[in-house]
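Below you'll find the structure, written out as structure tokens, and then a few comments.
As the structure lists them, so they are numbered: ligands from 1, and atoms in each ligand from 1. Predicted model, so just to flag it, every value in this text is computed and none were measured. Any value given below was found using the heavy atoms of this structure, including those in side chains, with hydrogens, waters and symmetry copies removed.
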Amino acid sequence: MKYVDEYRDPKVAQAIAEKIARKVTRNWVLMEVCGGQTHTLMRYGIDELLPKEVELVHGPGCPVCVTPLEMVDRAIRIASLPGVIFTSYGDMLRVPGSQSDLFQARARGADVRIVYSPLEALKLARENPDRQVVFFGVGFETTAPANAMAVWQAKREGLKDFSMIAAHVLVPPAMRLILGSPSNRVQGFIGPGHVCTVMGFQEYDELVKEFRIPIVVGGFEPLDLLEAIAMLVAQLEEGRAEIENQYSRSVNYEGNLPAQRILREVFEVSDRKWRGIGSIEDSGYRLRGEYAAFDAERVFGLEDLNAEEPEECISALVLQGLKKPVDCPAFGTRCTPMKPLGAPMVSTEGACAAYYQYRRHA
Ligand code: SF4
């Protein structure tokens with residue numbers, strides 16, 4: 001397939017892996033911050049192709065995985081109210097809340113529907129003026145512009161029966177938290193290509209300078225990731241700490257300016273709780289005051305609902321690169337994709353699901 005096969009060529013992959021092996025002289029720990037990249041790394045066995053000196057750990061790059069428990073509980077509470085049509089991407093339906101999940105809520109009679117974009121939810125709101133249509137807006141900076149656009153459009157049309165749970169999280173503050181932790185092991189980051197397509201990579205300048213850490217924005221195909229790893233290893237071995245862009249066919253320094261404009265129009269930056277990790281300063285988006293009528297948590301009055309994480313799930317350590325999914329005692333036994341204990345085993349982008357799917361436990 002044109003434009004895909006050339007990024008999956010095994011001979012080129014082998015050549016890049018050999019280049020990395022020739023360059024490396026000591027141990028390095030690298031982290032990717034995107035669930036899509038985690039899955040490519042596992043699916044193509046890139047972790048096994050690298051020299052033993054290069055260790056890959058997996059960051060908080062799956063938005064479903066970092067959506068806090070109480071947010072899922074709030075979603076279930078709202079979905080269970082009479083007159084509500086609750087809409088969400090399919091992944092979120094199986095994410096466990098403290099008591100149940102959205103699938104179980106649907107089995108109990110809640111009108112929970114899977115949609116493929118927030119504009120589908122908006123269409124449902126237009127078609128059902130006697131119902132409250134709520135969209136579960138989860139995601140990083142990548143999906144946030146489409147959700148912002150849906151809210152902007154709803155306001156423009158004067159829709160009274162549409163609202164959104166805005167559960168967006170931002171990547172740079174999470175990287176900052178990891179780097180600032182006394183237990184941090186990460187020495188270089190593969191930057192999230194999709195997020196940077198929207199936001200550019202100007203935001204990472206500060207992190208590079210402050211922590212003297214190399215960051216290479218990477219794509220999603222096997223050769224993209226191998227090349228990004230080679231660029232990181234070269235920087236580390238040469239004592240450089242710079243921001244570089246491997247994914248230049250999609251990402252530029254400024255990013256997508258119209259998308260950033262709609263984000264600023266509808267959302268404001270706020271503190272946000274991350275599943276297992278806790279609150280991170282300025283790490284999320286909430287709807288601006290002008291759009292409060294579309295904020296489902298305010299509309300339904302559930303802002304104060306809180307919940308505790310299950311003790312057995314070590315996803316907080318996995319998401320900070322301190323443990324691998326296979327280090328979790330529940331992995332593959334009490335926690336499987338069919339019966340997940342934590343969100344990283346549910347989501348198609350979750351690190352635990354990737355390790356399970358690609359047999360890293362076998
Ligand atoms: S294997 Fe399951 S219980 Fe363990 S960290 Fe992953 S999601 Fe949590």
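Across all their heavy atoms, Ser250 and Thr197 have their closest contact at OG-OG1, 3.0 Å.
A donor atom on one side chain and an acceptor atom on the other are found under 3.5 Å apart for His58 and Glu32.
Protein residues with a heavy atom closer than 4.0 Å to ligand 1 are Cys313, Ile314, Ser315, Cys328, Phe331, Cys335, Leu341, Gly342, Pro344, Met345, Cys352, listed by chain and number.
The closest side-chain heavy-atom distance from Val186 to Val57 is below 4.5 Å.
Here Thr25 pairs with Glu237 under the side-chain contact (heavy atoms from CB on, under 4.5 Å) rule; sequence neighbours left out.
Relative ring orientation between His194 and Phe220 is described as parallel, the plane-to-plane angle staying below 30° on a 0-90° scale split at 30° and 60°.
Annotation: cation-pi geometry satisfied between Arg26 and Trp28 (NZ/CZ under 6.0 angstrom from ring centroid, within 45° of ring axis).
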